Amino acid sequence: PRPCLLPPRLTMNCTLSFYTGRSAWWVTKTFKDRSHVDNFIAYIKRTKGYNLDELYINDETRLTNMDGTTESFQGEY
């Protein structure tokens, strides 16, 4: 295999449920890392006033190497 010149990218595919005051609003999105998830939650709270109700991690954490190959591993969030 070719050496990786830059560190691999960590991604997480998550489904978030926000309480709108009357119902639930669901969104599924791929995030770069935990801080990206936290920033998205804060953005929705700030712009829409919705509160996070539930967060699901839909798949294994995936590492994407510079050559496009991926490696998966199970991890806690």
Side-chain angles (χ1 to χ4, degrees):
R2 295 181 300 184
C4 181
L5 301 177
L6 296 174
R9 189 177 72 232
L10 184 65
T11 62
M12 302 166 48
N13 183 273
C14 301
T15 298
L16 299 95
S17 171
F18 292 90
Y19 180 66
T20 68
R22 295 187 307 205
S23 62
W25 177 65
W26 295 82
V27 62
T28 300
K29 184 174 171 64
T30 300
F31 298 96
K32 292 184 286 185
D33 55 25
R34 169 137 189 183
S35 65
H36 188 197
V37 176
D38 293 340
N39 288 339
F40 181 76
I41 294 167
Y43 170 78
I44 296 300
K45 173 69 175 171
R46 185 175 64 252
T47 60
K48 298 182 179 291
Y50 299 170
N51 293 308
L52 179 67
D53 185 31
E54 297 177 281
L55 168 66
Y56 299 96
I57 299 175
N58 298 324
D59 61 3
E60 300 171 325
T61 302
R62 179 167 289 127
L63 293 174
T64 304
N65 298 314
M66 291 301 296
D67 63 1
T69 61
T70 60
E71 301 172 45
S72 297
F73 65 94
Q74 296 274 334
E76 292 186 18
Y77 176 71

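One is the number of the first residue; the rest follow in order along the sequence. Small disclaimer: the values here were computed from a predicted structure and weren't measured.
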Exercise. Which atom pair, heavy atoms only, marks the closest approach of R34 to M12?
Worked result: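 Result for this residue pair: N-SD, 4.3 Å.
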
For this session: Heavy atoms only: give me the nearest E54-W26 pair and the separation to one decimal.
Result: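 In this case the closest contact between E54 and W26 is OE1-CH2, 3.9 Å.
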
Please list, one pair per line, the donor and acceptor atoms closer than 3.5 Å that link side chains of residues 40-49 to other protein atoms, with sequence neighbours excluded.
{"unit_1": "K45", "atom_1": "NZ", "unit_2": "N51", "atom_2": "OD1", "d": "2.6"}
{"unit_1": "T47", "atom_1": "OG1", "unit_2": "Y43", "atom_2": "O", "d": "2.8"}

With a cut-off of 3.5 Å and sequence neighbours excluded, list every side-chain donor-acceptor pair involving residues 14-24.
{"unit_1": "T15", "atom_1": "OG1", "unit_2": "T28", "atom_2": "OG1", "d": "2.9"}
{"unit_1": "T15", "atom_1": "OG1", "unit_2": "N58", "atom_2": "OD1", "d": "3.3"}
{"unit_1": "T15", "atom_1": "OG1", "unit_2": "N58", "atom_2": "ND2", "d": "2.8"}
{"unit_1": "Y19", "atom_1": "OH", "unit_2": "G21", "atom_2": "O", "d": "2.8"}
{"unit_1": "T20", "atom_1": "OG1", "unit_2": "R22", "atom_2": "N", "d": "3.3"}
{"unit_1": "T20", "atom_1": "OG1", "unit_2": "S23", "atom_2": "N", "d": "3.0"}
{"unit_1": "T20", "atom_1": "OG1", "unit_2": "S23", "atom_2": "O", "d": "2.9"}
{"unit_1": "T20", "atom_1": "OG1", "unit_2": "S23", "atom_2": "OG", "d": "3.4"}

Exercise. Under a 4.5 Å side-chain heavy-atom rule over Ile, Leu, Val, Met, Phe, Trp and Tyr, are W25 and Y56 clustered together?
Worked result: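 No, separate clusters.
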
